[in-house]
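The structure under discussion appears below in the form of structure tokens.
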Amino acid sequence: MAHLTIAANEKTFGKIFEAARDTFAFDESDSGSFGPFTASYDIEAHLEGGSVDLRGDGTVLVDELDIKWDKIDLTLGLNIPQICVGGFCIIPTPFGCALRAPKLCVFSANPDISVKLPLGGITSELSVAGRLVTRYFVDPARPVGMNDWDAQDTSPPLFNRWQIFLDPEFVDIDPIDVADTVGDLLENAVDDAVDNILGFLPGWARKLIKGILGPIIDLIRDILDIPDDIQEWISDLLNVSFGLLDIIVQFVLEYFADKTPITYIEDPFPILEAVANPNGPPPPMLVPVKVPIRDFKVFNTDTEMVIEANVA
Amino acid sequence: MQAVLNREVFSTRLFDSGALGVLASVIHQFAEPAIYGVVVRRGDIVVHTLSFEVSAASQNLQLDIDLATSIRDRAGREESCTCAPAGTEKHGVMPREMRPTVSPKGYVLFYVSRGEGGLSVQVGTNRSNQPVFDSTTLGKGDLFALSLLAPTKYSMENRLGRARGMIEVSMPEAAFQSLADLEPIAVEATRDAFAPPDVKASSGQGIVFRVVDAARIVIEQTQDPPDDEPRRRRRIVVPKRPAPSGPHR
């Protein structure tokens, strides 16, 4: 029989889990070239909600955890096609055009525009199931030879600890589903960008060029080779092309499995705090009494998390 | 890639067959097979020379000569020229295999793709001291083709005669997508008259003057186009600069 047994019921375990969940912060940016256009993203997310279910098979299910996408700034770099005039037939013949006017293009090359789409403020759901595992942690910042009492007194403390992690067995995640207004957002952003590059021209010239370019939405579809559903295309760009789902799943796995313990216990464990010396100084204080923890185990039933350990 | 605006496309108000700028071309047919030398002038100043060949062996029915490109390339060509070395008798003569050619049944089209323009050409052969073609004096069968973009009114005149007329350009949005497919408007130009004297065209539509006797055709914008949209000012966000260090006054 273990020397120490600590149990936390499901509600308490939920509170412990919430503390770990609330320190989750995801911040990522990247860029890529996708043939006719370039794209980059800058993303920030945190976790909220979720229900914890301790299960009889020794696993823990955290269900309906919300990924709050605080920021999804997607920037698209596009080449507007050349805008040319001329090219009309000067001498038509029954067999075709014998002489054609040269085409004269308004720009020396395809002008670049860059549009930023602020897509943040959406939520995806995530479920993660795994087993509780223990890991012994020695702080790499702790100097060799530092005793356990000094390690306790440093700020932050550098004591060794037994940590409890949730080692995920699977993660279910909903794809990032951008709002259905993204089509209008993209159209307005490209329209503004085109206006901006033509901004120094007189109004009639802008009108003519935009007339030649045609409806902005058709222009976007042509440049990006987008099917009808822009919303789905942008979601695919984030989820598949950039692989954001894989990235965040990997981040969640590492976060719970390696980086952020659900809780921990100090080793050696202080069973008596430092107190003033009742026999008077010297010394003025009696050091804490600490007992080393060994054979640290964690498991759960369908009602509680149980920690068992021996005192060496 | 940084795109440079061809500003003259929108700012040119004068279109002169004898002083070519953007959006306008003069066309001549050189029926005699020969090597032709072209002198490009701005006013009285020679800015460049080049040559082309009219050859019965050529299948090419259209030769476009961009006067602006030949000017821009002039400096670089001195170094990269593959023609005969400096100091030799044939220096400056383009080797035959590099010389553009056109069929005697074809046309040579002179135009200006960018820049301030004001360019004319005199074309001749080494068989005669007189130019066989001078763009400041278009002759029978020569063509002057242009597109007018600004939706407003223009005057047209033949400066070698008394012909006068008006062109009114409108901007029907339905035509934007098919500018190149619009039928060009043909105008016959004699010393004394244009036929028709009043032309109505869409923005970007081709207008082709066919010279009957002699002409120097000048089209000039007489009104500013209506501008119902004010120019947009571009906002540039200035990055924050570090506060000045050291003592403050």
Side-chain angles (χ1 to χ4, degrees), chain A residues 36-38 77-93 95-114 116 191-216 218-219 222, chain B residues 1-11 22-25 27 29 61-62 64 66 105-107 109 111-114 143 145-147 149-152 171-177 179-184 186 203-208 210 224-235:
Chain A
F37 67 98
T38 58
L78 318 173
N79 277 335
I80 298 293
Q82 269 286 25
I83 304 152
C84 301
V85 293
F88 57 89
C89 183
I90 297 171
I91 303 179
T93 73
F95 312 105
C97 184
L99 182 69
R100 193 169 283 283
K103 274 196 170 182
L104 212 58
C105 294
V106 172
F107 291 100
S108 59
N110 293 8
D112 297 338
I113 60 166
S114 176
K116 183 151 102 175
D191 198 28
D192 274 356
V194 170
D195 269 345
N196 217 19
I197 59 169
L198 304 175
F200 39 81
L201 291 176
W204 65 264
R206 289 205 306 275
K207 197 170 165 187
L208 175 68
I209 290 176
K210 290 181 78 174
I212 294 170
L213 283 174
I216 290 293
D218 293 344
L219 176 71
D222 283 350
Chain B
M1 182 183 292
Q2 188 68 38
V4 180
L5 177 73
N6 194 349
R7 187 176 289 274
E8 286 79 12
V9 169
F10 299 104
S11 61
V22 294
L23 296 170
S25 318
I27 298 108
Q29 194 167 36
L61 292 175
Q62 177 171 351
D64 292 349
D66 180 359
K105 294 176 186 169
Y107 298 87
L109 181 149
Y111 74 106
V112 177
S113 64
R114 58 181 56 245
L143 302 173
L146 76 160
S147 299
L149 298 184
T152 184
M171 198 187 260
E173 293 186 16
F176 288 157
Q177 288 296 301
L179 283 183
D181 300 330
L182 285 176
E183 283 285 316
S203 177
Q205 187 174 15
I207 303 173
V208 180
R210 185 176 294 276
D224 286 330
D227 207 355
D228 46 4
E229 283 184 66
R231 291 186 189 206
R232 288 170 61 105
R233 301 171 74 180
R234 183 180 288 200
R235 172 169 291 181

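Below, read A as the first sequence line, B as the second, and so on, with proteins coming before strands; counting in each chain starts at 1.
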Chain A contact via Phe10(B) - which portion, at a heavy-atom distance below 4.5 Å: both
Contact leader toward chain A among Val9(B), Leu109(B), Asp64(B), Leu61(B), where contacts are heavy-atom pairs under 4.5 Å: Leu109(B)
Part of Ile80(A) lying under 4.5 Å from any heavy atom of chain B: neither
Could I get the full list of side-chain hydrogen bond (donor to acceptor under 3.5 Å, both in side chains) partners for Glu8(B), not counting sequence neighbours? none
Shortest non-hydrogen pair, Thr152(B) vs Asp224(B), comes out as OG1-O, 3.8 Å
Tell me, side chain or backbone of Ala186(B) under 4.5 Å from chain A's heavy atoms, or both, or neither? neither
Would you name the heavy atoms of Lys105(B) and Gln29(B) that are closest together and state the gap between them? O-NE2, 2.9 Å
Answer with side chain, backbone, both or neither: which region of Leu23(B) has an atom nearer than 4.5 Å to a non-hydrogen atom of chain A? both
Find the distance between NZ (Lys210(A)) and CG (Asp195(A)) and round it off to the nearest 0.5 Å. 3.5 Å
Would you please name every residue forming a side-chain hydrogen bond (donor to acceptor under 3.5 Å, both in side chains) with Asn6(B), sequence neighbours left out? none
Segment of Ile90(A) engaging chain B (4.5 angstrom heavy-atom cut-off): both
